[in-house]
Amino acid sequence: MQTTWQAILGWYDRHGRHDLPWRNTDDIYHIYLSEIMLQQTQVSRVREHFYPLFLEHFPTIGALAQATEEEVLSRWSGLGYYNRARNLHACARLAGDGLPTGYKELLGLPGIGDYTARAICAFGHNQPISVIDTNIARVLKRYFALPESTPKALLEHADKLLNTSRPRDHNLALMDIGSMVCLPKNPLCSLCPLSQSCMGIDAPETYTENKKSGYESRELYYGVMMSKGRIALVRTTGSMYKGMLTLPPLEQTDREPIASFRHSYTKYHLTVNLYEIDTLSGDDEVIWADGREMDDYPLSTLTKKALRLIYTPKGNHELQ
DNA sequence: GTCCAGGCAC
DNA sequence: GTGCCTGGAC
């Protein structure tokens, strides 16, 4: 095992992604923020845009707790999965002096599940605990030849491999090996520090599964109501885009839309249709927004696309 | 156009 | 198991 650990850490020291900003800080808030942003989101988007901008606005967990939910959602705008931002804000308000440091206490906080609780313990506090994201899961399945493994079995194997003297670097190393070497397709086994003792090296494709796709088409209908260059937006209350501002939703209609565009999420391919309206139904709070100042509002990418279309001069109104 | 990557809450 | 989101690779 000593040899394996040395190979893993030796590889990490030479090839690991040491330039990631959240790996060069011991500020738990920064590390926690990075883990929330990185959930379901690619490193490059977080690193170049959202992480530095968010920290500029909310440099400490106390500053985040002081902010309104709307301000937080505005800085999250475009990143998707907006419940992450709402839970982050809720945690900041619960945290007081700072986040708890134990796995169990972290797990009890909103938006912190098994992965994130372990990541904060290992990456933030160098606690001896195994972290398993999808990349590490793939490495473990191949290394221990476990094509059909439960999360519990995977964790037991991760614990067997865990280097308790450098748990932070060990887990980061496995993560980098997963995303840089032990790729889902055509893994680079010849470059892998685990190749000497990897039990799945002869059939790496056995340990990855293809997701089923299959999508559904849907139509969405929104109203456009302008006044003095401003546009009416309402606050969403349903699960989708909760807390964000959107154009006022309409019932299905056969009228000819003034504009349409496509957008997709998860398995849905949406056609979004926009209609001019002169009254608003319901008693929702209305926000009269300047559609050219999109940075100031909590808007989804879908709503931003719609506003761009509406505020773009004529001649540029093709789909997408 | 289609597929893919990526954790949590219910 | 399903909903939540986006952008980039092909």
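We name chains A, B, ... by the order of the sequence lines, and we start the count at 1 in each one. All figures in this text were calculated on a predicted structure; none of them were measured in a lab.
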Visitor: What is the distance from CE of A:M37 to P of B:dG7, rounded to the nearest Å?
Guide: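 One finds 15 Å between P of B:dG7 and CE of A:M37, rounded.
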Visitor: Which part of the nucleic acid, if any, lies within reach of A:Q39 when heavy atoms closer than 4.0 Å are counted: base, sugar-phosphate only, or nothing?
Guide: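 If one applies the 4.0 Å heavy-atom cut-off, A:Q39 turns out to touch the sugar-phosphate alone, with no base involved.
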Visitor: Mind telling me whether A:W22 and A:Y51 have parallel, tilted or perpendicular rings, with 30° and 60° as the class edges?
Guide: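 Because their plane-to-plane angle is over 60°, the rings of A:Y51 and A:W22 count as perpendicular.
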Visitor: Less than 4.0 Å between a side-chain N and a carboxylate O, is that true for A:D26 and A:R168?
Guide: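 Judged by the 4.0 Å cut-off on N to carboxylate O distance, A:R168 and A:D26 do not form a salt bridge.
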Visitor: On DNA chain B, nearest-nucleotide positions of A:H269 versus A:Q42: which is more 5'?
Guide: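 By nearest-heavy-atom nucleotide position, the 5'-most residue is A:H269.
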Visitor: Hey, can you pull the residues of residues 113-131 of chain A with a non-hydrogen atom under 4.0 angstrom from DNA chain B?
Guide: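 The answer is A:G113, A:D114, A:Y115, A:T116.
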Visitor: What do you reckon, is CD of A:E276 surrounded by more than 12 foreign heavy atoms closer than 6.0 Å?
Guide: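 Open.
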Visitor: In whole angstrom, give the distance that lies between atom CE of A:M175 and atom P of B:dG6.
Guide: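 For the pair A:M175 CE and B:dG6 P, the rounded distance is 10 Å.
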Visitor: Between which nucleotides of DNA chain C, 5' to 3', does chain A make heavy-atom contacts below 4.0 Å?
Guide: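 Nucleotide range with atoms under 4.0 Å of chain A: C:dG3 to C:dG7.
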Visitor: Is A:S77 reaching over with its side chain to a backbone N or O of A:L299, donor-acceptor style, under 3.5 angstrom?
Guide: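 Judged by distance alone, yes, a pair lies under 3.5 Å.
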Visitor: Looking at A:K160 and A:E156, is any side-chain nitrogen of the basic one under 4.0 Å from a carboxylate oxygen of the acidic one?
Guide: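 Judged by the 4.0 Å cut-off on N to carboxylate O distance, A:E156 and A:K160 do not form a salt bridge.
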Visitor: Short question: side chain of A:W5, backbone of A:L161 - any donor-acceptor pair under 3.5 Å?
Guide: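 Judged by distance alone, yes, a pair lies under 3.5 Å.
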Visitor: Not counting sequence neighbours, which residues clear salt bridge (Lys or Arg N to Asp or Glu O under 4.0 Å) with A:D114? List them please.
Guide: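 A:D114 satisfies salt bridge (Lys or Arg N to Asp or Glu O under 4.0 Å) with A:R118 once adjacent residues are dropped.
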Visitor: Please enumerate all residues that pass ring-ring contact (aromatic ring centres under 6.0 Å, His included) together with A:H269, with sequence neighbours excluded.
Guide: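 Applying ring-ring contact (aromatic ring centres under 6.0 Å, His included) to A:H269 gives A:Y215.
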Visitor: So, does A:T134 get its side chain near the phosphate of B:dG7, meaning an N or O under 4.0 Å from OP1 or OP2?
Guide: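 For A:T134, the contact criterion (side-chain N or O under 4.0 Å from OP1 or OP2 of B:dG7) is met.
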Visitor: Can you check the A:E35 CD to B:dG6 C1' distance for me, whole Å?
Guide: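 The answer, rounded to whole Å, is 12 Å.
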Visitor: Please list residues of residues 76-95 of chain A whose heavy atoms come under 4.0 Å from any atom in DNA chain C, ordered by number; otherwise none.
Guide: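 Of all residues in residues 76-95 of chain A, the ones placing a heavy atom under 4.0 Å from DNA chain C are A:G78, A:G80, A:Y81, A:Y82.
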Visitor: How many angstroms lie between CD1 in A:I120 and OH in A:Y29, if you round to the nearest 0.5 Å?
Guide: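 These two atoms lie 12.5 Å from each other.
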Visitor: Give the rounded distance in Å between these two atoms: CD1 of A:I132 and P of B:dC8.
Guide: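 To the nearest whole Å, that distance equals 12 Å.
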Visitor: Taking A:R75 for its side chain and A:A85 for its backbone only, find out whether a donor-acceptor pair lies under 3.5 Å.
Guide: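 Flag not set: sc A:R75 to bb A:A85 has no pair under 3.5 Å.
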Visitor: On DNA chain B, check which nucleotide each of A:Q40 and A:L109 is closest to and give me the residue with the more 5' one.
Guide: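 The answer here is A:Q40.
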Visitor: Using a 4.0 Å heavy-atom cut-off across all strands, classify A:I36 as base, sugar-phosphate, or nothing.
Guide: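 The residue A:I36 makes no contact with any strand.
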Visitor: Taking side-chain hydrogen bond (donor to acceptor under 3.5 Å, both in side chains) as the definition, give me every residue that meets it alongside A:S149, ordered by chain and number, with sequence neighbours left out.
Guide: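 Scan of A:S149 (side-chain hydrogen bond (donor to acceptor under 3.5 Å, both in side chains), adjacent residues dropped) gives none.
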